[in-house]
Amino acid sequence: MGNFRLTDLNPPQLEAVKAVSGPVMILAGAGTGKTRVITARIAWLLHIGTPPEQILAVTFTNKAAGEMRERIAGMVEREQAAKLTIGTFHALCVRILRTGIDRLGYKHNFTIYDEGDQLSLLRKIITRTASKDEKLDPHAAKNLISQAKNKAWNPPEDDQTLLGAVYARYNQELRQLNAVDFDDLLVLARKLLAEHEEVRRKLQDRYRQIMVDEFQDTNRLQMDLVALLAGDPPNVCVVGDDDQSIYGWRGAEVANLLEFERHFPNPTIVKLEQNYRSTNTILNAANALILNNPRRRAKKLWSDHGDGPKIRTIRMADDREEASFIAGEIRQRQVDDALPWEAFAILFRMNAQSRLFEEQLRAHGIPYRLIGGKSFFDRREIKDVIAYANTALNPSDDVSVLRIVNTPPRGIGEGTVESALHESVERKCPLWDILRSEAYLEGVSRARSNAVRAFVDQIETLRIRLATPGADSAELLGGLLSECNYFDDLKRSCKTPEEGLDRESNIRQLLSDLREFEGKKKGGLTAFLDALALRNEREEEKKDDQGNGVTLITLHAAKGLEFPHVYLVGLEEGILPHDRSKMEGSLDEERRLLYVGITRAMKSLAITWCNGRTRYGSLMPAHRSSFLAELPADLVETVDASVILSAPASQEDAAARFGRLRAALGG
DNA sequence: AATCGTCTGCTTTTT
DNA sequence: GCAGACGATT
């Protein structure tokens, strides 16, 4: 059975694939065929008779989960592949919680709050809690709360500090709203498993083989979850690379990988060091750099791709020159070497650095795709539609109710909302219950109560219809939106007619996605909203929409990707390593960030730094990053952009170009 | 209620 | 230098 051959694997890979009992740690260096090993291991498990429903593979991103699923689909039979559990930590937790969360005092129809929802809730709480002279940035509060949850801290519920009070209020309110934030998905799943033995047993019996990808990025909560899910013996296989741990600031703990033995004694440890991506020049530079980090599992990458050209470190006058030089060079190389635009990538530390490159690439007529940026799901109109659905499914969700209560305007003004909200705080019950209570409606003017009644009726009708077996949610939602003139209001509030049409078509797209989802997956609207909240619908489509061209991407986002020709820009003190890292003592992580960047390159790598850089509006002197001195001199060729620019076509260049031309013609 | 103007404060962001 | 947030102004 199976369409995979173990002979395609190198010896350590094979060892990793065949180690199937007890704890296993696979230290997979950059480009060493990690995904291949994971998928082959799953195929192997199936091959030796493991029932597919017993296999759980956890990833960090939906993209990684999708890729894994796809690769496996090509290796094993379809029905087997369909029975595997492959997904993100968060998706797994939603599955666990949708059936078991009632044990923790939530209702099963909880709403998942995304960042925007969290922020609006926090803003509300902060303004209510803070006194006049106190200030707390909602973003900062959100980050601190998130960190606290991810480190599995006990809530610092001392109402002494504003933050402590806000933290306590926030959690309390979420519970009242029957809502959970992203972090709660993990927090609550862990709690459920830890405190309810029957739930834990059931899951341990079900998942006998657990695999975790990118283990260096797991935080304390995720580590705990893995430990709770693992049965006895713990058949846990983790895959990761401590040298690529770059999310410490988000609570990731490399210690989970470095001290794996502490949680799972006597593991089989396999190191993957043969790299299938880069030249040895690139790998040796990366090896040498990372040697400067303490506390790591020693690894040395090598490949049989030869040495390739030296790494160029290019000095630029300023950031403007950096951008125009690179744009010019890419255009030239694209022509001279007949390379597709997609062969090039520009990697930077901060998103703000992308602007000049965008300008210059555009000026040179080079197509590019900028990775990152605002998501489809953060669009106002999409959030509105989701809020309508959330309200119908979970009327306790005040944040969603507030979002749509007067969108479109239906005569429920701020005063009305304010008084209802006040009432709901007094009576400690959801806003919705106030809006539909006769006692409240009798106390307000006729016009107000009529408006509120009409709104309540609309939503209640939607709820009843949605609950009807076989209901077409997309049709019902779309119908409601038309009925309340949502689309007209949307268009009216747009600056241009095009924008209005665009926004409307986003909604049509969402509804058609929903219809398709209901046609082929179970779980109905709730499952669709879960998928949306976890960002795992329409993922690929979005990426493709961005089209092709030179890739502009941050170092963080570039992890896991590869490009034939890489420009690593802004290698200056203060940028990489970033200024803040010195204060926070995370210089090692900055070095790993550079390590990740270097190991993205397959064939050639150029590193640039500027003598001056516009920062905060004015041109400031800049200095080359101290990391550059850590690259072995014999692998690096140091150049000065001004020299190249002032001597455009030297004799040597012409000869080299002629040579290439002759080679291309087969002579 | 909406828009304009001024102030502030600056990474990275898988879900 | 610019985006985002908030407050004053119509």
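Nothing here was measured: the structure is a model prediction, and the numbers come from that model. Every chain is numbered from 1 and lettered A, B, ... according to where its sequence line falls, protein lines coming before strand lines. Because only heavy atoms are used, hydrogens play no part in the values below, and waters and symmetry mates are left out as well, while side chains stay in.
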Base, sugar-phosphate alone, or nothing: which one does [X] contact when heavy atoms must sit under 4.0 Å apart?
{"X": "A:Glu590", "answer": "base"}
{"X": "A:Asp217", "answer": "base"}
{"X": "A:Arg123", "answer": "nothing"}

[N] [atom2] sits how many Å from [X] [atom1], rounded?
{"X": "A:Glu584", "N": "B:dC10", "atom1": "CD", "atom2": "P", "answer": "12 Å"}
{"X": "A:Ile553", "N": "B:dT13", "atom1": "CD1", "atom2": "P", "answer": "9 Å"}
{"X": "A:Lys63", "N": "B:dT14", "atom1": "NZ", "atom2": "P", "answer": "11 Å"}
{"X": "A:Asp489", "N": "B:dA1", "atom1": "CG", "atom2": "P", "answer": "14 Å"}
{"X": "A:Asp183", "N": "B:dT15", "atom1": "CG", "atom2": "C1'", "answer": "9 Å"}
{"X": "A:Trp249", "N": "B:dT15", "atom1": "CH2", "atom2": "C1'", "answer": "12 Å"}
{"X": "A:Met350", "N": "B:dG9", "atom1": "CE", "atom2": "C1'", "answer": "14 Å"}
{"X": "A:Arg580", "N": "B:dG9", "atom1": "CZ", "atom2": "P", "answer": "12 Å"}

Could you work out the separation of B:dT14 and C:dA3 based on their C1' atoms and round it to a whole Å?
25 Å
Separation between the P atoms of B:dT13 and C:dG4, rounded to whole Å:
15 Å
Base of B:dT11 paired with side chain of A:Arg250 (donor-acceptor, under 3.5 Å):
no
For a side chain to side chain contact (heavy atoms under 4.5 Å, CB included) check, start with the C-alpha distance between A:Arg220 and A:Asn150, then their side-chain angles and the critical distance, and finish with the verdict.
CA-CA 6 Å; A:Arg220 173 65 196 283; A:Asn150 281 302; over 6 Å; no
Is any side-chain N or O of [X] closer than 4.0 Å to OP1 or OP2 of [N]?
{"X": "A:Asn62", "N": "B:dT14", "result": "no"}
{"X": "A:Thr554", "N": "B:dT13", "result": "yes"}
{"X": "A:Asn143", "N": "B:dT13", "result": "no"}
{"X": "A:Asn351", "N": "B:dT12", "result": "yes"}

pi-stack flag for A:His556 and B:dT12, centroid dist under 5.5 Å, interplanar under 30°
no
With the stacking rule set at 5.5 Å and 30°, tell me whether A:Tyr247 counts as stacking on B:dT12.
no
How would you list, by chain and number, every residue that makes a ring-ring contact (aromatic ring centres under 6.0 Å, His included) with A:Phe344, sequence neighbours excluded?
A:His565
Salt bridge check: are A:Arg503 and A:Asp384 linked by an N-O gap of less than 4.0 Å?
no
Are the charged groups of A:Lys34 and A:Asp213 less than 4.0 angstrom apart, N to O?
yes
If you draw the axis of the six-membered ring of A:Phe110, does the NZ or CZ of A:Arg98 fall within 45° of it and under 6.0 Å from the ring centre?
yes
The glycosidic conformation of B:dT12, counting syn as within 90° of 0 and anti otherwise, is anti
Between A:His578 and A:Asn406, whichever has its closest DNA chain B nucleotide further toward 5' is A:Asn406
Consider the side chain of A:Ala557, meaning its heavy atoms from C-beta on, and name the nucleotide among C:dC2, B:dT13, B:dT11 that approaches it most closely.
B:dT13
Considering all heavy atoms, the nearest A:Leu356-A:Ala323 contact:
O-CB, 3.7 Å
